[in-house]
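All values derive from a computational prediction rather than experimental measurement.
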Amino acid sequence: MAIALSAVLSAQQPSYMPPHLVRGDLPSLPPPTVVGGGEVLIEATVDQTGALTRPVVLRTTPPYTNIVLDAVTRWRFTPAQINTNGKEAFVNGSVLIAAIYRPPTLMNGPTLGDRPRDLSTASSSSPYPVSTVPPTFPPQARSGSVLLYEVPLDENGQVANIRGVGADPGFDAAAKDAIIQWKFRGASFDGHSVPSTAYVIFGFAPPVVGAPINAAPGTSPIPPPAPQLPLPPGN
């Protein structure tokens, strides 16, 4: 009797497939006048047409929040799907978008600029990063870059895969090394734990090299006077 009841409940519980990104532009780097890094967390609904709607900012850092929102609101997805007894249907699904922008420095640590600020609490329909690790700046890199990764999560929030959507070979290893250290709380749909997807954005601002001590801010350094060779005798 218990086995039969379990089989009936399993048949009634639909399988769930989360939304999947099919098209979208990367956010930009901030202008060079921005001296600090930032974190942005956004929970959003992907409707049954695949459009990203109702973005809720969970964590903000100016000006990065607007930079990220301007890009992600134009993303397009394959909608979430449920399969109930062999019948498939599109449904509204939630995704998490997490962005970490490094400050224009080579080392991790405190910097100037606004600190991230939490604005809202994530719902249970979206995964949520309970701990994050910022990427290190690759020592061989000489410029900046923005990268995007699709991170499928299982029902318990464990990272199942890391797929580069907008990757840069010079920064890819550092980005993936950071993501595998993240810990997520899983998502639910209709009261059941389900697979989910997080989209992780890393912004690497070009490091600012300190100006020489004889250069005023905003100016080029003044070269030291050329050494004078001694004149030959009699001149």
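- Taking hydrophobic clusters as Ile, Leu, Val, Met, Phe, Trp and Tyr residues chained together by side-chain heavy-atom distances below 4.5 Å, Y199 does not share a cluster with L41.
- Shortest non-hydrogen contact noted between Q48 and N92 is N-OD1, 3.3 Å.
- Distance OG1/T65 to CD1/I42: 7.0 Å, rounded to 0.5 Å.
- Within a 6.0 Å radius of CZ in R117, other residues, nucleotides and ligands contribute 12 heavy atoms or fewer.
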So E150 and T197, side chain to side chain donor-acceptor pair (under 3.5 Å) or not? Walk me through it. CA-CA 7 Å; E150 183 178 69; T197 309; 5.5 Å; no
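- Connection of F189 to F90 is not established within any shared hydrophobic cluster, with ILVMFWY side chains joined at heavy-atom distances below 4.5 Å, either directly or through further cluster members.
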Evaluation steps, side-chain contact (heavy atoms from CB on, under 4.5 Å), between I179 and Y149: CA-CA 9 Å; I179 293 175; Y149 294 89; 3.8 Å; yes
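- V22 and F77 fall into different hydrophobic clusters, defined by Ile, Leu, Val, Met, Phe, Trp and Tyr side-chain heavy atoms under 4.5 Å apart, directly or through other members.
- When all heavy atoms of A167 and D172 are compared, the pair lying nearest together is CB-OD1, 3.9 Å.
- Between F204 and F137, the ring planes lie perpendicular to each other; the angle is over 60°, past the 30° to 60° tilted range.
- Side-chain contact of H192 with E155: a donor-acceptor pair under 3.5 Å is absent, judged by distance alone.
- V146 approaches P27 most closely through the heavy-atom pair CG1-O, 3.5 Å.
- Atom OG of S124 sits about 6.5 Å away from atom CZ of R185, to the nearest 0.5 Å.
- Across A174 and T136, no two heavy atoms sit closer than the pair CB-O, 3.5 Å.
- Results of the side chain to side chain contact (heavy atoms under 4.5 Å, CB included) test with L148 over V200, V72, I201 single out I201 as the only residue that passes.
- Annotation: side chain of T60 is not in contact with side chain of V40 (no heavy-atom distance under 4.5 Å).
- Residues I67 and P30 are in side-chain contact: their nearest non-hydrogen atoms beyond the backbone lie under 4.5 Å apart.
- Between the CG atom in D25 and the CH2 atom in W75 there is a gap of 9.5 Å [rounded to 0.5 Å].
- Ring centroid separation for the pair Y101 and F202 does not come in under the 6.0 Å cut-off.
- W182 and L58 fall within the same hydrophobic cluster, where Ile, Leu, Val, Met, Phe, Trp and Tyr residues are linked whenever their side-chain heavy atoms come under 4.5 Å apart, directly or through other members.
- In this structure, CZ in R54 is found 8.0 Å from CG in D47, a value given to the nearest 0.5 Å.
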Can I180 and V159 be said to form a side-chain contact (heavy atoms from CB on, under 4.5 Å), step by step? CA-CA 7 Å; I180 60 176; V159 175; 5.8 Å; no
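- In the hydrophobic clustering of ILVMFWY residues, with side-chain heavy atoms under 4.5 Å counting as a link, M17 and V95 come out apart.
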For a side-chain contact (heavy atoms from CB on, under 4.5 Å) check, start with the C-alpha distance between F184 and L96, then their side-chain angles and the critical distance, and finish with the verdict. CA-CA 11 Å; F184 291 88; L96 174 85; 4.2 Å; yes
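- Here the closest heavy-atom approach between residue Q140 and residue G170 is recorded as NE2-O, 3.4 Å.
- In this structure, the side chains of V133 and I100 stay at 4.5 Å or more apart for every pair of heavy atoms.
- L153 is not listed as a side-chain neighbour of Q158, based on a closest heavy-atom distance of 4.5 Å or more.
- For the atom pair OG1 of T61 and CG of D114, the computed distance is 7.5 Å after rounding to the nearest 0.5 Å.
- Side-chain contact check for P55 versus L69: some heavy-atom pair is nearer than 4.5 Å.
- You'll find the side chain of L26 stays beyond 4.5 Å of the side chain of V165, heavy atoms only.
- Here the CG atom belonging to D154 is positioned 5.0 Å from the CG atom belonging to N156, to the nearest 0.5 angstrom.
- Using a 4.5 Å heavy-atom cutoff, the side chains of P206 and L29 are in contact.
- A side-chain N or O of S94 and one of S125 form a donor-acceptor pair less than 3.5 Å apart.
- When all heavy atoms are compared, the tightest approach of P195 to Y16 is O-CE2, 3.5 Å.
- In R115, the CZ atom is not crowded: 12 or fewer heavy atoms of neighbouring residues, nucleotides or ligands sit closer than 6.0 Å.
- Counting only heavy atoms from C-beta outward, the side chains of V91 and P79 never approach each other to under 4.5 Å.
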Taking it one step at a time, do V56 and L119 satisfy side-chain contact (heavy atoms from CB on, under 4.5 Å)? CA-CA 9 Å; V56 177; L119 298 181; over 6 Å; no
